[in-house]
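Report on the structure given below.
Bear in mind that the values here come from a model prediction, so they are computed numbers and not experimental data.
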Amino acid sequence: INKQEDDKLKKMLLESRKDIAENIMITDLVRNDLSITASKSSVKVDDLCSVFSFKRIHQMITSITSKLDDNFDYVDVIESTFPMGSMTGAPKIKAMELIEKFETFKRGFFSGAVGYISPNLDFDFNVIIRTILYCSSKKYLSLPVGSAITINSDSITEYEECIVKIKPILEINPNHDIVSKLKDKTRQKSFDNIAYLLYEQALIQEGVKLEDPSGFVNRLNDVIKETL
């Protein structure tokens with residue numbers, strides 16, 4: 001892709017009604033979550049729907065900050081903000097009920113967090129996405145991935161977004177130990193699992209008609225094989 005095409009894609013993202021709606025929806029949710037532990041009038045939206053460019057992707061990002069009220073501590077902050085709105089949707093409780101109803105797997109570490117708390121009670125936590133999970137007892141690899149579904153979502157576009165998200169992971173050096181594991185007998189089972197998860201995620205949007213699951217699996221496998 002050349003610079004002209006890349007700039008065009010960036011402009012499309014910046015003007016995307018679906019992505020703007022998604023960002024604003026989650027912005028409102030996070031503002032509400034932070035307000036629970038924030039001092040009065042301290043919740044601020046520092047950056048709204050800005051597009052940042054990274055090595056492999058353009059990402060629309062909104063930054064929200066608050067000042068912690070003296071009556072709360074870091075435990076209260078974590079309890080009031082997790083699970084994070086960007087991985088649930090809004091309204092959060094109802095979205096979590098739908099996730100529990102429609103998703104056929106337990107997210108586990110996926111959409112959870114890893115971080116640290118220092119002795120002076122500073123803390124920093126991430127969100128676990130685009131991560132290979134390996135169950136040593138079952139010798140089973142999985143790579144959960146999804147995209148945000150709004151009223152303006154298009155099923156095929158959401159599918160393509162999922163492919164973009166996982167492709168860098170599948171382009172790991174073929175001599176790397178992780179890739180060696182992917183190439184063993186569990187590989188096809190793991191890939192099929194990923195594809196079905198994507199398919200079922202897409203079906204959450206009512207009325208969407210995708211190709212049958214087996215065709216969806218085959219399509220994803222073809223993409224994966226091109227990268228290995």
Side-chain angles (χ1 to χ4, degrees), residues 9-54 57-103 106-118 120-131 144-154 157-158 161-162 164-165 201-202 204-206:
L9 290 172
K10 185 176 180 179
K11 185 174 184 294
M12 288 174 58
L13 175 60
L14 189 61
E15 297 174 351
S16 168
R17 293 179 63 186
K18 185 263 182 182
D19 289 286
I20 291 171
E22 177 187 328
N23 254 257
I24 291 176
M25 174 180 68
I26 302 307
T27 297
D28 285 341
L29 187 154
V30 172
R31 287 174 63 215
N32 181 69
D33 286 349
L34 289 177
S35 69
I36 296 172
T37 58
S39 58
K40 188 176 181 179
S41 302
S42 69
V43 178
K44 306 291 183 183
V45 178
D46 297 325
D47 214 351
L48 180 63
C49 297
S50 295
V51 173
F52 292 82
S53 298
F54 301 93
I57 196 171
H58 298 301
Q59 186 83 39
M60 183 175 284
I61 296 175
T62 293
S63 299
I64 307 155
T65 59
S66 68
K67 183 177 180 181
L68 185 64
D69 187 278
D70 292 338
N71 294 317
F72 300 100
D73 59 23
Y74 70 92
V75 175
D76 299 309
V77 174
I78 294 173
E79 287 182 343
S80 62
T81 56
F82 279 80
M84 66 300 301
S86 60
M87 295 292 283
T88 61
K92 183 184 281 189
I93 300 301
K94 182 61 177 180
M96 290 169 63
E97 290 173 354
L98 292 173
I99 288 169
E100 183 67 22
K101 177 180 178 180
F102 287 106
E103 290 187 356
K106 298 299 182 182
R107 292 189 177 189
F109 287 105
F110 174 62
S111 82
V114 172
Y116 70 87
I117 302 169
S118 69
N120 65 352
L121 301 186
D122 287 336
F123 66 94
D124 192 5
F125 285 82
N126 72 349
V127 177
I128 301 174
I129 58 173
R130 306 175 200 179
T131 301
V145 63
S147 60
I149 297 173
T150 71
I151 193 66
N152 295 318
S153 291
D154 171 76
T157 302
E158 300 298 336
E161 180 180 327
C162 290
V164 169
K165 288 177 177 178
Q201 284 282 74
I204 292 177
Q205 181 186 358
E206 292 186 24

query: Do the side chains of Ser39 and Asp70 get nearer than 4.5 Å, heavy atoms only?
result: no

- line: Taken in chain and number order and not counting sequence neighbours, the residues that satisfy side chain to side chain contact (heavy atoms under 4.5 Å, CB included) with Thr157 are Asp154

Stepwise side chain to side chain contact (heavy atoms under 4.5 Å, CB included) test for Ile64 and Leu34: CA-CA 9 Å; Ile64 307 155; Leu34 289 177; 3.7 Å; yes

- line: Residue set satisfying salt bridge (Lys or Arg N to Asp or Glu O under 4.0 Å) with Lys101, at least two apart, ordered chain then number -> none

query: Do Met60 and Glu22 come within less than 4.5 Å of each other through their side chains, counting heavy atoms only?
result: no

- prompt: Under the side chain to side chain donor-acceptor pair (under 3.5 Å) test, which residues partner Asn32, sequence neighbours left out?
  reply: none

- line: Residues at least two apart in sequence or cross-chain that pass side chain to side chain donor-acceptor pair (under 3.5 Å) with Thr81, listed by chain then number, are none

- prompt: Does the side chain of Thr62 pick up a donor-acceptor pair with the side chain of Asn23 at under 3.5 Å?
  reply: yes

statement: Sorted by chain and residue number, the side chain to side chain contact (heavy atoms under 4.5 Å, CB included) partners of Pro83 (sequence neighbours excluded) come out as Thr88, Met96

Atom pair CD1 (Ile93) and CG (Leu98), whose distance is rounded to the nearest 0.5 Å: 11.5 Å

query: Who pairs with Lys11 by side chain to side chain donor-acceptor pair (under 3.5 Å), at least two apart in sequence or on another chain?
result: Glu15

message: Once side chain to side chain contact (heavy atoms under 4.5 Å, CB included) is applied, do any residues pair with Ala90, and if so which ones, sequence neighbours excluded?
response: Met25, Leu29

- request: Answer yes or no: is there a donor N or O on one side and an acceptor on the other, between the side chain of Asp73 and the main chain of Asp76, under 3.5 Å?
  value: yes

- prompt: With sequence neighbours excluded, what pairs up with Asp47 under the side chain to side chain donor-acceptor pair (under 3.5 Å) test?
  reply: Ser50

- line: Sorted by chain and residue number, the salt bridge (Lys or Arg N to Asp or Glu O under 4.0 Å) partners of Lys10 (sequence neighbours excluded) come out as none

task: Check side chain to side chain contact (heavy atoms under 4.5 Å, CB included) between Ser16 and all other residues, then give those that pass, not counting sequence neighbours.
output: Lys18, Asp19

query: Do Lys106 and Glu100 have side-chain heavy atoms sitting under 4.5 Å apart?
result: yes

- prompt: Taking the side chain from Ser53 and the backbone from His58, do they hold a donor-acceptor pair closer than 3.5 Å?
  reply: no

Donor-acceptor pairs under 3.5 angstrom involving side-chain atoms of residues 122-131: please list them, not counting sequence neighbours.
| residue | atom | partner | partner atom | Å |
| --- | --- | --- | --- | --- |
| Asp122 | OD2 | Asn120 | ND2 | 3.2 |
| Asn126 | OD1 | Val114 | N | 2.8 |
| Thr131 | OG1 | Ile129 | O | 2.7 |

statement: Asp28 meets the salt bridge (Lys or Arg N to Asp or Glu O under 4.0 Å) criterion, sequence neighbours left out, with Arg31

